[in-house]
Structures are given as C-alpha cells and as structure tokens.
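First comes the structure, then the notes that go with it.
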Amino acid sequence: MKAKLLILLLACCSIYTSHAQTTVDAQGIKYEVISGTTNARIIQNTAGCPTGANIPASITINGSSYTVTEIGTQAFFRCSDLIGSLTIPNSVTSIGNNAFNRCTGLTGSLTIPNSVTSIGNAAFYQCYGFTGSLTIPNSVTSIGIQAFDGCSGLTGSLSIPNSVTAIGNGTFANCRGFTGSLTIPNSVTSIGNAAFYQCTGFTGSLTIPNSVTSIGDYAFGYCTGLTGSLTIPNSVTSIENAAFYRCSGFTGSLSIPNTVTAIGEQAFYGCSGFTGSLNIPNSVTAIGDYAFRDCSGFTGSLTIPNSVTSIENAAFYRCSGLTGSLTIPNTVTSIGNLAFYDCKNLTSVTVEKSTPPTLGRDVFGFSSDNGGTDWKPNCDLNIPDGATAYYVS
C-alpha cells in the first residue's frame, strides 16, 4: 500500500514539475512552450529586459529543443535597454501586439523575415531609433493598427507587399524619415485613418490602386512631398475627412471618379499645388467643410453638379485661382459660411434656384485691403427670371 502511494505521489510531482518548467529565462528573454507543439513563444518578462537585440531561432526548455515561432504580446514592451540592430530569425511567424512598443534603443535597418505572416497592433510603436530601411516581405498578410507609428528614423522607399489586403489606422503614421516613392499594391482594399499621417518625406507620384474602396480620415494628411497628378480610383465611394489634408506638393490635376458620393471635411484642405480645372462628378451629394480650402492652384470655371444639395462652410475658401464662371444648380439648398470667400477671380456667379438657398455669412466675400471684409467687385450675379425679389430682400 505504501509503495503504491509513493508511486502515485511521484507521478503527481512529475506532472507538476513538467508544467512548472514550460517557461524559461535565457539571456534576459522569457519563453514559454506553445501547448501541444514543439514551438515556443517569447512572453513579457516583468522582471526586466535584455540588453542584446538578437533573438534565437530555438531554445532549450526542460532539456528539449523548441523552435521560436512567436514574439508574443508585449514581449519587449518599453524595453529601452534593448539596443543595437534587431535580428528576427526566420523561424518567427508572428509578431504580437506591442511586441517592441517604445523600444527606443533599437537602431539600424528593420528586416522582417519572410517567415512572418502577421505584425500586431503597435508592434514597433515609437521605435524612433531605427535609422535604416524597412523591408516587409511578401509573406506578411496583415499589419496591425499603429504597427510602425512614430518610427521616424526609417528611411528609403516604402513598398507594401501584394499579400497585404488592408493598411490599418495609423499603421505608418509619423514615419517622417521615409524618402522616395510609396507603393500600394492592388491587393489593398482599404486605407485606414491616419495610415500615412505626417509621412512628410515621400516624394514622387501616388498611385492608389483600383482595389481600394475607402480612404480614411487623415490617411495622407501632411504628406507634403507627394507630387504629380492624383487620380482617385473608381472603386472609391467616399473621400473621408482630411484624407489629403495639406498635401501641398501635388502638381497637375485631381481626378475624382463618379463613384464618389461624399467629399469629407477638409478632404483636400491646403492642396495648393493642384493645377487645371476642378471637376466634381455628378455622384457627389455633399461637399464638406473646408473640403477644398486654400486649393489656390485650380483654374478655370467651376460647375457644381446637380447631385449636390449642400456646400458646407469654407468649402472653396481662398480658391483664388478659379477664373470665369461659377454655376450653382437648383438642387443646392444651403451654402455655408465663407463657402467661396476670397475667390477673387470669378467673373460671374449663376444661381439656378428660384428660391434662394440658405446662405451663411460672407459666402462670396473677400478680404479687403484694410483688413475687413467686402463683397466681391466686378462679378455678375445671374438668377432666374422673376426671382429678383428673393435675392435682394
């Protein structure tokens, strides 16, 4: 009876010991066995951070060898002592959320091996110490939100592989060091809010593929170096708020397809480099606040299509390059404050609605020499027959 009890106790102890030794520390990195496999993941080490940046491809735990396949959630979170170049072995398939968040001591280029299929949210957030290029392999199918937000030292062109289907919110926000071109593959269907916000170093033209259906708020805000014409593909149905806010470097024309139904607030605010005429397609129903404010390069006449019902505040504020006529169809029921303020070179305005639309203040005003606001001189107002009483009362 005692022998059986001793055997049972030893078995229990053996089971407990095996479970307890599924984690191990090696050179300051903490690993755990992925249940039911011969693989291991790196987990957060709350006791401290390693000083080296090399991650091994395999680790020995409890006398057995395990392949390191995952860099887990917050594995090196805020490890500012993690210094030097970062080597991620070819065995790793996923980089978890916040894995290297605020590892500010990392330097050099960032090479992600072609074994990696997913990069988690904020994986390299605020890793501003990188001073080289970023290589994202074709194996990667998903890049999390804010994955590289604040990696301001990354340089060179950015090529997103055609295995990626979405660029999430803030994925490359504040990556000011990129230079050269930006390549978005035709596998991408959505560009999230602030995806490339303040990526000021990009140069050359921007090609948005026909696969993209949505461009989020501030998606390219402050991307001041982009040049050439901009064509919004006909797969896009809406241009969200501030999508191209202050993208002042564009030159050439802006093409908006007839699939777009809404142009959001500040969508092209400060895009002063566009030249040529502005054609707003018949699909658009609303032009948001400040949508084309300070787009001083547009020239020629402007016709608002009869699909539009409202022109919001300062929508065309200081579009001083517009010359010739402005036609506002009878579908427009309201025109916001300062909508065409300082459009000084318009020579005529035609309003087709017999009953005036609701007008905000200083719709056609302009800044006078004495710093005040006057009404635009030398501009003819054309209104429907018999509607004079409505417009002068």
Side-chain angles (χ1 to χ4, degrees), residues 15-137 139-154 171:
I15 293 170
Y16 176 79
T17 301
S18 175
H19 177 74
Q21 291 181 356
T22 56
T23 64
V24 66
D25 290 328
Q27 296 181 334
I29 301 176
K30 192 170 186 177
Y31 304 84
E32 70 175 5
V33 172
I34 299 173
S35 179
T37 72
T38 58
N39 300 327
R41 71 166 59 90
I42 300 173
I43 60 175
Q44 186 178 18
N45 187 351
T46 56
C49 293
T51 55
N54 291 330
I55 297 170
S58 62
I59 187 71
T60 300
I61 300 176
N62 197 26
S64 299
S65 180
Y66 293 87
T67 303
V68 178
T69 58
E70 296 182 19
I71 301 174
T73 299
Q74 297 187 334
F76 299 98
F77 184 68
R78 292 181 181 270
C79 285
S80 57
D81 291 334
L82 194 67
I83 58 175
S85 298
L86 174 64
T87 301
I88 300 173
N90 270 313
S91 58
V92 171
T93 59
S94 67
I95 301 171
N97 298 340
N98 297 293
F100 296 93
N101 187 314
R102 292 183 177 89
C103 289
T104 55
L106 293 173
T107 58
S109 298
L110 173 58
T111 300
I112 298 168
N114 57 16
S115 55
V116 171
T117 60
S118 65
I119 302 170
N121 299 337
F124 297 93
Y125 180 82
Q126 292 288 334
C127 289
Y128 51 75
F130 287 124
T131 54
S133 60
L134 168 64
T135 301
I136 302 174
S139 56
V140 173
T141 58
S142 67
I143 305 174
I145 62 175
Q146 296 186 285
F148 300 95
D149 188 343
C151 292
S152 55
L154 292 172
T171 296

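All values below were derived from every heavy atom in this structure, side-chain atoms included, with hydrogens, water molecules and symmetry-related copies excluded. In this chain, residues are counted from 1 in sequence order.
- Counting heavy-atom neighbours within 6.0 Å of Y128 OH, excluding the residue itself, gives a total of 12 or less.
- Between P137 and P113 the shortest heavy-atom distance is CG-O, 3.2 Å.
- Between I42 and Y31 there is a side-chain heavy-atom pair separated by less than 4.5 Å.
- In terms of heavy atoms, S91 sits closest to V68 at OG-O, 2.6 Å.
- Scanning all heavy atoms of the two residues, the minimum distance from E70 to S94 falls at CG-OG, 3.4 Å.
- Of all the heavy atoms in Q126 and T104, the pair that sits closest is O-CG2, 3.5 Å.
- Atom CG of residue N101 and atom CD of residue Q74 lie 7.5 Å apart, to the nearest 0.5 angstrom.
- A heavy-atom distance below 4.5 Å is not found between the side chains of I136 and V116.
- Nearest heavy-atom pair across F100 and I95 is CE1-CG2, 4.1 Å.
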N98 vs N121, side-chain contact (heavy atoms from CB on, under 4.5 Å): CA-CA, chis, key distance, verdict:
CA-CA 6 Å; N98 297 293; N121 299 337; 5.8 Å; no
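- Atoms CZ and OH, on R41 and Y66 in that order, are 13.0 Å from each other to the nearest 0.5 Å.
- In this structure, CG in N54 is found 9.0 Å from CD in Q27, a value given to the nearest 0.5 Å.
- F124 is listed as a side-chain neighbour of L86, based on a closest heavy-atom distance under 4.5 Å.
- Note that CD1 of I59 and OG1 of T67 are 11.0 Å apart. Values are rounded to the nearest 0.5 Å.
- Atom CZ of F130 sits about 4.5 Å away from atom CG of L106, to the nearest 0.5 Å.
- Summarising the geometry, atom CD1 belonging to I119 is positioned 10.0 Å from atom CD1 belonging to I71; distances are rounded to the nearest 0.5 Å.
- Cys pair C127/C151: SG-SG separation is not below 2.5 Å.
- In terms of heavy atoms, G132 sits closest to S109 at CA-OG, 3.6 Å.
- At a threshold of 4.5 Å between non-hydrogen side-chain atoms, the residues I29 and F76 count as touching.
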